[in-house]
Amino acid sequence: MEEALPVPDRDTGGHLNVLTVCTANVCRSPLMAALLLNQVGTNPGKTVIRVGSAGTLARNGSRICPVAARRVRNMGPLQAAYADSHRSRCLTAALADSADLIIVPDLANRSRVISVYPPARTRTFTLIEAVQLAQHLPDAEAEHLDGLVERMNECRVPLAAGRARGLRTCSDGSGTSSDIRDGHNLSVFGHLATLKQIANGVEALSSVLQAAQRSRA
């Protein structure tokens with residue numbers, strides 16, 4: 001299993017390019033990428049979803065952290081190979097330009113992505129935000145992949161208003177409601193909790209992407 005998006009290639013013919021981005025590209029973003037690849041990246045007969053990862057402050061060539069690697073390896077042999085082969089890379093404007101959808105764990109990394117490549121503003125979402133937006137589209141299950149990201153962006157303001165009225169979020173209560181914290185700044189149990197939060201978020205997002213795959217296939 002290998003990450004896609006090796007070169008700038010904004011898709012126009014049957015693919016959705018997803019880029020997951022965290023700070024160092026050794027924990028949250030490779031886990032998001034592995035989960036997405038496992039759930040929607042290899043779906044025979046459906047629209048192809050290509051997945052890659054990067055870090056806004058990453059040093060190129062670092063391995064995935066042991067805690068995230070253990071969770072990835074538990075998915076199966078292909079995912080174990082992914083964990084072994086992963087090497088971090090720093091986000092570039094070219095990588096951001098190649099992505100149709102950019103998923104980050106927190107608002108700080110969203111700001112860094114936009115700083116690197118301002119046009120990515122309309123297609124960069126925190127994982128929690130992406131799940132909320134996709135799930136609350138009135139016709140999400142019938143939406144084609146090529147229109148899903150645009151619709152998600154259009155719904156940002158209504159969603160913010162919904163939060164003000166008490167819309168349930170996936171936040172663990174720390175930081176902002178859109179953030180999944182860096183587990184390396186937490187206890188072992190806190191680190192594991194953030195990985196579980198990522199897994200739950202990716203599972204919810206994958207269900208929407210799979211529905212869009214079916215509608216476009």
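This structure is a prediction, so every number in the text was calculated from the model and none was measured.
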With rounding to the nearest 0.5 angstrom, report the [atom1] to [atom2] distance, [X] to [Y].
X      : Y      : atom1 : atom2 : value
Met32  : Ser206 : CE    : OG    : 12.0 Å
Leu101 : Thr20  : CG    : OG1   : 10.0 Å
Leu107 : Thr124 : CG    : OG1   : 11.5 Å
Leu91  : Thr23  : CG    : OG1   : 11.5 Å
Phe189 : Lys196 : CZ    : NZ    : 13.5 Å

On a heavy-atom basis, which atom in [X] and which in [Y] lie closest, and how many Å separate them?
X      : Y      : value
Val21  : Asn109 : O-CB, 4.5 Å
Val131 : Gly201 : CG2-O, 3.3 Å
Ser53  : Ala33  : CB-CB, 4.1 Å
Asn17  : Ser98  : ND2-O, 3.2 Å
Asn25  : His86  : O-NE2, 2.8 Å
Val208 : Ala134 : CG1-CB, 3.6 Å

Within-4.5 Å side-chain heavy-atom neighbours: [X] and [Y]:
X      : Y      : answer
Leu133 : Glu129 : yes
Met75  : Val72  : yes
His191 : Asn185 : no
Val113 : Leu19  : no
His184 : Cys65  : yes
Val104 : Phe125 : no

- Message: Between Leu192 and Val26, is there shared hydrophobic-cluster membership here, with clusters defined by ILVMFWY side-chain heavy atoms closer than 4.5 Å?
- Response: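 Different hydrophobic clusters.
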- Message: Tell me whether Val188 shares a hydrophobic cluster with Ile198, the cluster being built from Ile, Leu, Val, Met, Phe, Trp, Tyr side chains joined at under 4.5 Å.
- Response: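 Yes, Val188 connects to Ile198 through the hydrophobic network.
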- Task: In plain terms, say whether Asp84 and Arg73 are close enough for a salt bridge, that is, a side-chain N and a carboxylate O under 4.0 Å apart.
- Result: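 Answer for the salt bridge query: yes.
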